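Beneath this line is the structure, given in structure tokens, with notes to follow.
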Amino acid sequence: QVQLVESGGGLVQAGVSLRLSCAASGRTASRRVMGWFRQASGKEREFVAAIGWSGGSTYYADSVKGRFTASRDNPKNTVYLQMNSLKPEDTAVYYCAAQKWNPFSADVRAAVNEYDSWGQGTQVTVSS
């Protein structure tokens, strides 16, 4: 298992930027594909972005493509989500997650059930 702690959320105005951080710990933390998900009030949790263990591959939901960027610093066991040009519809609780460990595959996946470790979430509220 991987332990995850998110930080960096807050209340911001539309158009500004925010960076979320996710501190990971655990034996396989630096070798896991890491994902970002979000859940708005009354809605299902949805995929936002994912990044391969080396940082060389990234995958984004269409709704954030071109505005959000996932990155990671493996020596620090930290994953980031840079969010630019925020919109009110980006308002949600954002979760960091570690994809199920598979030493034979580096595929980046978007389905919630492909992830087995989750942080507690951090609230992002974007006002218009």
Side-chain angles (χ1 to χ4, degrees):
Q1 281 285 42
V2 175
Q3 292 73 47
L4 303 169
V5 179
E6 303 96 334
S7 61
L11 170 62
V12 297
Q13 289 189 327
V16 304
S17 299
L18 204 59
R19 188 176 80 160
L20 305 182
S21 299
C22 173
S25 60
R27 190 169 58 88
T28 62
S30 65
R31 298 300 302 270
R32 297 282 199 110
V33 172
M34 298 297 292
W36 287 97
F37 293 77
R38 67 186 181 187
Q39 188 166 16
S41 180
K43 296 188 177 181
E44 292 188 353
R45 192 167 299 188
E46 66 173 4
F47 172 79
V48 174
I51 183 167
W53 71 268
S54 69
S57 59
T58 52
Y59 181 37
Y60 299 96
D62 289 343
S63 59
V64 305
K65 202 171 294 184
R67 299 188 299 122
F68 290 13
T69 302
S71 61
R72 65 192 298 164
D73 184 338
N74 280 341
K76 294 183 178 179
N77 273 351
T78 302
V79 182
Y80 304 97
L81 183 67
Q82 178 67 42
M83 305 185 295
N84 298 331
S85 301
L86 282 162
K87 304 175 181 180
E89 51 263 43
D90 294 319
T91 295
V93 177
Y94 283 72
Y95 297 90
C96 174
Q99 190 171 295
K100 292 175 183 176
W101 171 241
N102 184 346
F104 306 106
S105 173
D107 290 349
V108 176
R109 301 182 186 278
V112 170
N113 61 10
E114 294 286 353
Y115 293 76
D116 62 358
S117 297
W118 295 84
Q120 83 288 353
T122 185
Q123 177 71 46
V124 173
T125 303
V126 184
S127 63
S128 58

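It should be emphasised that the depicted structure is a prediction, and the values quoted were computed from it without experimental measurement.
Hydrophobic clustering (ILVMFWY, side-chain heavy atoms < 4.5 Å, transitive): V126 and V64 are in one cluster. No single ILVMFWY cluster, assembled from side-chain heavy atoms under 4.5 Å apart, contains both V79 and W101.
By the 6.0 Å and 45° rule, R72 does not stack over the aromatic ring of W53. At least one cation-pi condition fails for R38 and Y95: the charged atom is not both under 6.0 angstrom from the six-membered ring centre and inside a 45 degree cone around its axis.
Classified by interplanar angle (parallel below 30°, tilted 30° to 60°, perpendicular above 60°), the ring pair F68/Y94 is tilted. Classified by interplanar angle (parallel below 30°, tilted 30° to 60°, perpendicular above 60°), the ring pair F47/Y59 is tilted.
In terms of heavy atoms, A70 sits closest to Y60 at N-OH, 2.9 Å. In plain terms, the two heavy atoms of G9 and L20 that are nearest each other are N-CD2, 3.6 Å. Considering every non-hydrogen atom in both V33 and A50, the closest pair reads CG1-CB, 4.5 Å. Across all their heavy atoms, A40 and A92 have their closest contact at N-CB, 3.7 Å. Closest approach of Y115 to G35, counting heavy atoms only: CE2-N, 3.6 Å. Between F37 and A110, the shortest heavy-atom distance links the atoms CE2-O, 3.4 Å.
You'll find the side chain of I51 stays beyond 4.5 Å of the side chain of R32, heavy atoms only. At least one side-chain heavy atom of L86 sits less than 4.5 Å from a side-chain heavy atom of V12. Here the side chains of V2 and T28 are in contact, with some heavy-atom distance below 4.5 Å. The shortest distance between side-chain heavy atoms of L4 and M34 falls below 4.5 Å. Contact check for M83 versus V124: side-chain heavy atoms found under the 4.5 Å cut-off. Side chains of W36 and C22 form a contact here, defined as non-hydrogen atoms less than 4.5 Å apart. A 4.5 Å side-chain heavy-atom check between R45 and V93 finds every atom pair outside the cut-off.
Note on K65 versus D62: salt bridge recorded, some NZ/NE/NH1/NH2 to OD/OE distance being below 4.0 Å.
Between D116 atom CG and Q99 atom CD the span is 9.0 Å, to the nearest 0.5 Å. Rounding to the nearest 0.5 Å gives a distance of 9.5 Å between CD of E114 and CG of D107. Here T122 contributes atom OG1 and L18 contributes atom CG; the two are 8.0 Å apart, rounded to the nearest 0.5 Å.
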For the pair Q13 and S127, evaluate side-chain hydrogen bond (donor to acceptor under 3.5 Å, both in side chains) and give the outcome as yes or no after the intermediate values.
CA-CA 5 Å; Q13 289 189 327; S127 63; 4.9 Å; no
Show the numbers, then the answer: is there a side chain to side chain contact (heavy atoms under 4.5 Å, CB included) between V48 and L81?
CA-CA 10 Å; V48 174; L81 183 67; 4.2 Å; yes
Run the numbers on E6 and S21 for side chain to side chain contact (heavy atoms under 4.5 Å, CB included), then give the verdict.
CA-CA 6 Å; E6 303 96 334; S21 299; over 6 Å; no
I would like to know whether D73 and T78 meet side-chain hydrogen bond (donor to acceptor under 3.5 Å, both in side chains); could you show each step before the answer?
CA-CA 5 Å; D73 184 338; T78 302; over 6 Å; no
Please report the C-alpha distance between T91 and E89 in whole Å, then the side-chain angles of each, then the deciding distance to 0.1 Å, and finally whether the side-chain hydrogen bond (donor to acceptor under 3.5 Å, both in side chains) criterion is met.
CA-CA 5 Å; T91 295; E89 51 263 43; over 6 Å; no
Let's go through K87 and R67 carefully: what are the C-alpha distance in whole Å and the side-chain angles of both, what is the deciding distance for side chain to side chain contact (heavy atoms under 4.5 Å, CB included) to 0.1 Å, and is it a yes or a no?
CA-CA 10 Å; K87 304 175 181 180; R67 299 188 299 122; 3.8 Å; yes
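N77 and S30 are not linked by any side-chain donor-acceptor pair at a separation below 3.5 angstrom, with hydrogens and angles left out of the test.
The local environment of CD in Q120 is crowded, with over 12 non-hydrogen atoms from other residues, nucleotides or ligands closer than 6.0 Å. Residue K76 places its NZ atom among 12 or fewer non-hydrogen atoms of other residues, nucleotides or ligands, all under 6.0 Å distant.
Proximity of a side-chain donor or acceptor of K100 to a complementary backbone N or O of N113 within less than 3.5 Å is detected.
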